[in-house]
Peer 1: 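Below: one structure in structure tokens.
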There are 2 protein chains.
Amino acid sequence: MRLTTKGRYAVTAMLDLAIHSDRGPISLADISQRQEISLSYLEQLFAKLRKNALVNSVRGPGGGYKLQRDSEAIFIAEIIDAVNESVDTTKCRGAGDCQGGETCLTHYLWEDLSEQIHGFLQNISLADLVARNEVKRIAENQDRKQSLVADDVDLKVLADGQIPATTL
Amino acid sequence: MRLTTKGRYAVTAMLDLAIHSDRGPISLADISQRQEISLSYLEQLFAKLRKNALVNSVRGPGGGYKLQRDSEAIFIAEIIDAVNESVDTTKCRGAGDCQGGETCLTHYLWEDLSEQIHGFLQNISLADLVARNEVKRIAENQDRKQSLVADDVDLKVLADGQIPATTL
DNA sequence: TAGATAACCAAGCAAAACAGTCAAGTATTG
DNA sequence: CAATACTTGACTGTTTTGCTTGGTTATCTA
């Protein structure tokens, strides 16, 4: 599980796609303009997103990309994994390599932590983020009190921070 | 919030420190051997960890590094932030830059997500990772340099990837 | 059918980050 | 004082990022 700006770009682009999903296929040029990501870089990212069955492409005029599943069924971890092509290179693969065992020990601990992070991001869908977006926009346009309430809810969810025992 | 092998190395090294905290100062050479991280790379990492008040150094013979706080009070997010020196360069800093507003929206969403990940890792302490019964037992076994057979058994448990849900 | 559109593809490139080396220091202990 | 062990800084090679250029295909529309 890596987390770099590359994954950030991918998530941002996918969010843009989710937000405008009602408009039919969205061209990369549109996303490029809105999100200020270079077109060719988007092309590279979407090639990977497509290979990982996250988006569908429609060629020709009026074409573009669509989410392959509902935004409720696409999770952040998938997107990040898709563009990072995570080839997790743990030095000590398998039990045979480590004589001292200590290497295995902390490696294992890290792997575990990495899995937890992954599980965490696997529980956040694009729809979750879009829903927030709309809450935020509505709040900005209309009432401040609503915004505060929504923020409170979010923060509570955040502060919870509990790792679901199921992931372990 | 970035998450790369660099942060992984740092967390691994800090874990090693936490595990052997009862032995007094731990030299980087020891960590280097156990965790298979180059000494000079460790030096760079620990320079940053020291600047961020996560470790203390003891110079001279028998010297090394110690955790500056209890392992219960050192959180994964701190370690990763320390070595990554996160200067998050969001393109649209402040609201003024974005005409369409959409850029701001998704940037905001990402920031929010990033904060969530950060908050998540801020809730996991070094002690949390170390204080798993099995792991602790394995560590003790390794320290005592028990028979190879025992090691094999332990390693098999490790490779299994099962963690008792009770730990977190 | 011609042409516009936009996905697809490949090669390459500059800058940054990563991972590590090397060498000359400085502080501490025995 | 000498050995140990951290400190500092400069330097190097590799990989990843983010992007450019220059195409080719597929598809829609006039």
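All figures in this text were calculated on a predicted structure; none of them were measured in a lab. Every chain is numbered from 1 and lettered A, B, ... according to where its sequence line falls, protein lines coming before strand lines.
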Peer 1: In Å, rounded to the nearest 0.5 Å, how long is the span from CG of A/N52 to CZ of A/R50?
Peer 2: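 Interatomic distance, A/N52 CG to A/R50 CZ, rounded to 0.5 Å: 11.5 Å.
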Peer 1: Roughly how many Å is it from OH in B/Y9 to C1' in D/dT15, rounded to a whole number?
Peer 2: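 Distance, rounded to whole Å: 13 Å.
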Peer 1: Tell me the interatomic distance from B/R2, atom CZ, to C/dA17, atom C1', rounded to whole angstroms.
Peer 2: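 Interatomic distance, CZ of B/R2 to C1' of C/dA17: 7 Å.
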Peer 1: How would you summarise protein contacts on nucleotides 2-16 of chain C per nucleotide, using B for base, S for sugar-phosphate only and - for none, with heavy-atom distances below 4.0 Å?
Peer 2: --BBSBBB-------
Peer 1: Nearest whole angstrom, please: distance from the C1' of D/dC6 to the CG of B/L49.
Peer 2: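 It works out to 14 Å between those atoms.
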Peer 1: Between C1' on D/dT14 and NZ on B/K6, what's the gap in Å once rounded to a whole number?
Peer 2: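 After rounding, the gap between these two atoms is 15 Å.
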Peer 1: Rounded to the nearest Å, what distance is computed from the CD1 atom of residue B/I31 to the C1' atom of nucleotide D/dA5?
Peer 2: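 Atom CD1 in B/I31 sits about 13 Å away from atom C1' in D/dA5.
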Peer 1: Under a 3.5 Å distance rule, please check whether A/D16 uses its side chain to pair with a backbone N or O of A/I31 as donor and acceptor.
Peer 2: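 Between the backbone of A/I31 and the side chain of A/D16 there is no qualifying donor-acceptor contact (under 3.5 Å).
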Peer 1: Nearest-Å distance, CG (B/L45) to P (D/dT8)?
Peer 2: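 Value for this atom pair: 15 Å.
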Peer 1: Do you know the tightest heavy-atom contact between B/L42 and B/A13?
Peer 2: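 Between these two residues, the closest heavy atoms are CD2-CB, 4.0 Å.
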Peer 1: For the side chain of A/I37, counting heavy atoms from C-beta on, which of D/dT16, C/dG20, D/dC19 is nearest?
Peer 2: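 Selected nucleotide: D/dC19.
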Peer 1: Could you tell me which residues satisfy ring pair (Phe, Tyr, Trp, His ring centres under 6.0 Å) with A/Y41, sequence neighbours excluded, listed by chain and number?
Peer 2: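 Checked A/Y41 against ring pair (Phe, Tyr, Trp, His ring centres under 6.0 Å); matches are A/Y9.
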Peer 1: Whole angstrom is fine here: how far is it from OH in B/Y41 over to P in C/dG20?
Peer 2: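 Computing the B/Y41:OH to C/dG20:P distance gives 7 Å.
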Peer 1: Can you tell me how far CE of A/M14 sits from CD1 of A/I76, rounded to the nearest 0.5 angstrom?
Peer 2: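 These two atoms lie 8.5 Å from each other.
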Peer 1: Between B/A82 and B/L54, what is the shortest heavy-atom contact and its length?
Peer 2: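 Closest approach of B/A82 to B/L54, heavy atoms only: CB-CD1, 3.9 Å.
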Peer 1: Counting only N and O atoms by type, is there a donor-acceptor contact under 3.5 Å from the side chain of B/E78 to the main-chain atoms of B/F75?
Peer 2: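 Yes, the answer is positive, given that a donor and an acceptor are paired below the 3.5 Å cut-off.
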Peer 1: Test A/N56 against every option in A/R69, A/Q68, A/K66 by the side-chain hydrogen bond (donor to acceptor under 3.5 Å, both in side chains) rule and name the one that passes.
Peer 2: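 Testing A/N56 for a side-chain hydrogen bond (donor to acceptor under 3.5 Å, both in side chains) against A/R69, A/Q68, A/K66 leaves exactly one candidate, A/Q68.
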Peer 1: If we count only N and O atoms by modelled type, under 3.5 Å, do the side chains of A/H20 and A/D30 hold a donor and an acceptor together?
Peer 2: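 Their side chains do not contain a donor-acceptor pair, so the 3.5 Å distance test is not met.
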Peer 1: When Watson-Crick pairs (N1 to N3 and N6-O4 or O6-N4) and G-U wobble pairs (N1-O2 and O6-N3) count only below 3.5 Å on both distances, what is the dot-bracket string of DNA chain C, with | for other-strand pairs?
Peer 2: ||||||||||||||||||||||||||||||
Peer 1: Would you mind reading off the distance between B/N84 atom CG and C/dC18 atom P, rounded to a whole angstrom?
Peer 2: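 Roughly 6 Å, once rounded to whole Å.
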